[in-house]
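Note sheet for the following structure.
All heavy atoms count here, side chains included; hydrogens, waters and symmetry mates do not.
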Amino acid sequence: MNISFIDWAIIAAFFIISMLIGVFSAKSAGTSAKEFFLSGRNMPWWLLGVSMVATTFSADTPNLVTDIVRKQGVSGNWVWWAFLLTGMLTVFVYAKLWRRSELTTDLEFYEMRYSGKPAAFLRAFRALYLGVFFNVVIMATVSLAAIKIGGVMLGLSPIETLLLASVVTVIYSSLGGLKGVLLTDFFQFFVAMAGSIGAAIYILDMPEIGSLNNLLSHPNVSDKLDFLPDFNDWNLIIPLLIMPLAIQWWATWYPGAEPGGGGYIAQRMLSAKDEKNAIGATLFFNIAHYALRPWPWIIVALASLIIFPQISDLGVAFPNIPADKLGDDLAYSAMLTFLPTGLIGLVLASLIAAVMSTLSTHLNWGSSYVVNDFYLRFLKPNATDKELVMVGRVSTVLLMVFAAILALALSNALEAFNILLQIGAGTGLIFILRWFWWRINAYTEIFAMFISFIVAIFFEVINPKVGWILIPENQAYLKLLYGVGITTVGWVLVTLFTKPENDEILLSFYRKVRPASFGWKKLLDRYPNEKQEQGQLPMEIGLMLVGSVMVYAALFAVGFWIYGNILPAIIATVVATIGGAIIIKSWKKLTF
């Protein structure tokens, strides 16, 4: 496709603004490690919330949604829509707990909640596993998506694409720290949204589509519009709806939707100016992420079924794309090639923004683990702030280099990434309960990681070859069920047959975080003078359910308005409004 001078000018302006933000933030970010990684714990909810949304808008997200819609229709998105439950649990239960902890990273939690060598092992291992290995894999998959987009839309080689996006990202991430990341995320979010909405509007006016009504009534599209899978087909409803809503959201660990909060979501909450801002940030994130942002992608995905009804049509249109790279996920990039001068520049800038916002967050987040939870904790405890900031900047650069090298070596990262996700199956419940059940100890988490790893390797690598357990292709969800069941039974038994943490560390954690005392009662009863915090957990769980209904109603309301189904749209809008009113009214009753 032809890129005009105007388009290149838009892209260049985007890069320049992003770099200037990093330079602007460099002075304050370099004053201390806490400033570099937490922006002085003084960030407002709106900046943090937008940053969370921008981070989850990675380069491969529109491709993933397009892949799902083309294969399984709109209802296939429940595989990630179900994580809203995790998000709302974080909003109303865990956000204020994280902020009260006043940790620098969420991995410090291990030596705050547990004690001794097992706690130190957990912190060191996860610092390297999550901060380096897992983080590099995530960034490599994002970079791989960028390589595909650059090849389809710009004709760039993989190295050219990586240099274009990663150099600027590394500059503002390493200079500006978290503050630079937050400010660029804020700018990049609006660029990304303008690009995706503009693309959807233009594509609807293409002669092949004609209008929104023509799109929705087209035979290639009309059977893909339902919000829920066919209840008469259990092969669809179990993996697409029941499993995500009944098990997946609380049992698995997924970046950006960790049970109990964690990762870069926890980093944002820890950098909030107070508990209210931590809650407000995560609430805004969940509303925008689930209810508003998906629809432009869905519209483009549905339109692609008319222009490129089969994968073979993509192959004909883009003969230079290798056969092993052809898939339904490429349809999103393929549709963008029809955009006119000016808009294509904005859309390309929006896709670059999606790449850079995700990479910058993972670079800063991973670097915080390397610096705070490995270098400072285990290698040089007396390091100065200046030295820590320098190590943070160097590790930022190295993480990007490793991710780029891996991205160039990959042809398909999906299988490896699925193994990484399967490894966490069954550990999610620990992250939820460890705040509220005093009996959980460091061995609980160590053995859960070990068991889930062995189970994941068995089902993903060994069992397909030896066939000891028959798992039909259309029942792949059984692997998750087995993984969750085996891992959960394992860590519960370990918890019950090992000694709890010593009372001193448990009481220190309880006093600092002040969780609801119902799961701590057996411990606290031994100390009559210890104040037992009743908390507001029943109310918080109730608000989590109200918030989930509110966001799902808003998601459906937007869809119904787009579909032109007026009565359901009005009903869903009213439900969402009532849910919002309940949350606003209850907000004043929450204790901070």
Side-chain angles (χ1 to χ4, degrees), residues 29-38 41 98 101-139 173-174 177-178 253 255 258 261-264 266-267 270-271 361-403 420 423-424 427 430-431 434 440-450 452-453 498-499 501-502 504-506 508-509 512-513:
T31 57
S32 70
K34 279 185 168 55
E35 186 69 39
F36 190 82
F37 294 119
L38 290 177
R41 298 191 197 274
W98 278 112
S101 72
E102 296 185 314
L103 301 171
T104 300
T105 70
D106 59 316
L107 295 189
E108 281 187 15
F109 177 93
Y110 291 118
E111 292 192 294
M112 182 184 188
R113 173 65 172 79
Y114 312 129
S115 61
K117 292 182 179 179
F121 167 79
L122 270 172
R123 185 174 177 183
F125 174 80
R126 291 186 75 84
L128 295 179
Y129 171 68
L130 294 178
V132 180
F133 177 69
F134 193 86
N135 223 6
V136 165
V137 172
I138 293 174
M139 290 190 295
S173 298
S174 60
L178 182 62
W253 189 93
E258 299 88 344
Y264 61 82
Q267 185 189 37
L270 289 167
S271 64
T361 285
H362 281 276
L363 288 171
N364 187 268
W365 169 44
S367 179
S368 72
Y369 286 176
V370 172
V371 172
N372 188 72
D373 300 297
F374 192 76
Y375 184 84
L376 178 63
R377 171 61 179 84
F378 297 100
L379 298 183
K380 199 171 181 181
N382 60 344
T384 64
D385 273 324
K386 184 177 180 180
E387 181 181 351
L388 293 176
V389 172
M390 180 56 65
V391 173
R393 286 171 170 164
V394 171
S395 60
T396 297
V397 174
L398 292 178
L399 285 172
M400 189 67 249
V401 170
F402 294 149
L420 291 176
I423 287 172
T427 61
I430 298 175
F431 302 139
R434 63 188 184 179
I440 287 178
N441 57 47
Y443 290 108
T444 303
E445 297 212 30
I446 292 172
F447 277 88
M449 286 194 306
F450 176 76
S452 65
F453 177 81
T498 54
K499 291 183 179 180
E501 302 295 338
N502 65 69
E504 183 180 352
I505 194 80
L506 291 172
S508 174
F509 174 82
K512 180 71 174 177
V513 178

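Of all non-hydrogen atoms in Leu388 and Ala383, the two that sit nearest each other are CD2-CB, 3.8 Å. Of all non-hydrogen atoms in Glu258 and Gly263, the two that sit nearest each other are OE2-CA, 3.8 Å. Between Asn364 and Gly177 the shortest heavy-atom distance is ND2-C, 3.5 Å. For Met112 against Phe509, the heavy-atom pair with the smallest separation is O-CB, 3.8 Å. Closest approach of Ala442 and Pro118 over heavy atoms only: CB-CB, 3.6 Å.
Side-chain contact check for Phe36 versus Leu178: every heavy-atom pair is 4.5 Å or farther apart. Leu270 is listed as a side-chain neighbour of Ser101, based on a closest heavy-atom distance under 4.5 Å. At a threshold of 4.5 Å between non-hydrogen side-chain atoms, the residues Met139 and Leu363 count as touching. Contact check for Val389 versus Arg393: side-chain heavy atoms found under the 4.5 Å cut-off. Contact check for Thr444 versus Ile430: side-chain heavy atoms found under the 4.5 Å cut-off. Contact check for His362 versus Tyr264: side-chain heavy atoms found under the 4.5 Å cut-off. Inter-residue side-chain proximity for Asp106 and Gln267 is flagged as unmet; no heavy-atom pair is nearer than 4.5 Å.
Judged by distance alone, the side chains of Asn372 and Glu108 do bring a donor and an acceptor atom under 3.5 Å apart. Side-chain atoms of Arg434 and Tyr114 include no donor-acceptor pair closer than 3.5 Å. No hydrogens or angles considered: a donor-acceptor pair under 3.5 Å links the side chains of Thr498 and Asn441. At a cut-off of 3.5 Å, with distance as the only test, no side-chain donor of Ser174 or Thr396 sits close to an acceptor on the other residue.
The aromatic rings of Trp98 and Phe109 sit tilted, their planes meeting at an angle between 30° and 60°. Between Phe134 and Tyr129, the ring planes lie tilted relative to each other; the angle falls in the 30° to 60° range.
Applying the 6.0 Å contact sphere to CZ of Phe450 captures no more than 12 heavy atoms from other residues, nucleotides or ligands.
A distance of 10.0 Å separates CZ in Phe125 from OH in Tyr110, rounded to the nearest 0.5 Å. Rounding to the nearest 0.5 Å places CD of Glu387 at 9.5 Å from CG of Leu376. Rounding to the nearest 0.5 Å gives a distance of 8.5 Å between NZ of Lys512 and CG of Leu103. A distance of 8.5 Å separates OG1 of Thr427 from CD of Glu445, quoted to the nearest 0.5 Å. In this structure, CZ on Phe121 lies 11.0 Å from OH on Tyr443, to the nearest 0.5 angstrom. With values rounded to the nearest 0.5 angstrom, Ile138 atom CD1 is found 8.5 Å from Leu130 atom CG.
Side chain of Arg41 to backbone of Glu102: a donor-acceptor contact under 3.5 angstrom is found. Checking side-chain atoms of Ser395 against main-chain N and O of Val391 turns up a donor-acceptor pair under 3.5 Å. With hydrogens and angles disregarded, no donor-acceptor distance shorter than 3.5 Å links the side chain of Ser508 to the backbone of Ile505. Listed for the Arg113 side chain is a donor-acceptor partner under 3.5 Å among the backbone atoms of Ile440.
Not less than 6.0 angstrom separates the ring centroid of Phe37 from the ring centroid of Tyr369.
Checked against side-chain contact (heavy atoms from CB on, under 4.5 Å), Arg377 has the following partners two or more places apart in sequence or in another chain: Glu111, Ala120, Arg123.
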task = Report the C-alpha distance between Trp365 and Asn135 in whole Å, list the side-chain angles of each, state the deciding distance to 0.1 Å, and finish with yes or no for side chain to side chain contact (heavy atoms under 4.5 Å, CB included).
result = CA-CA 9 Å; Trp365 169 44; Asn135 223 6; 3.6 Å; yes
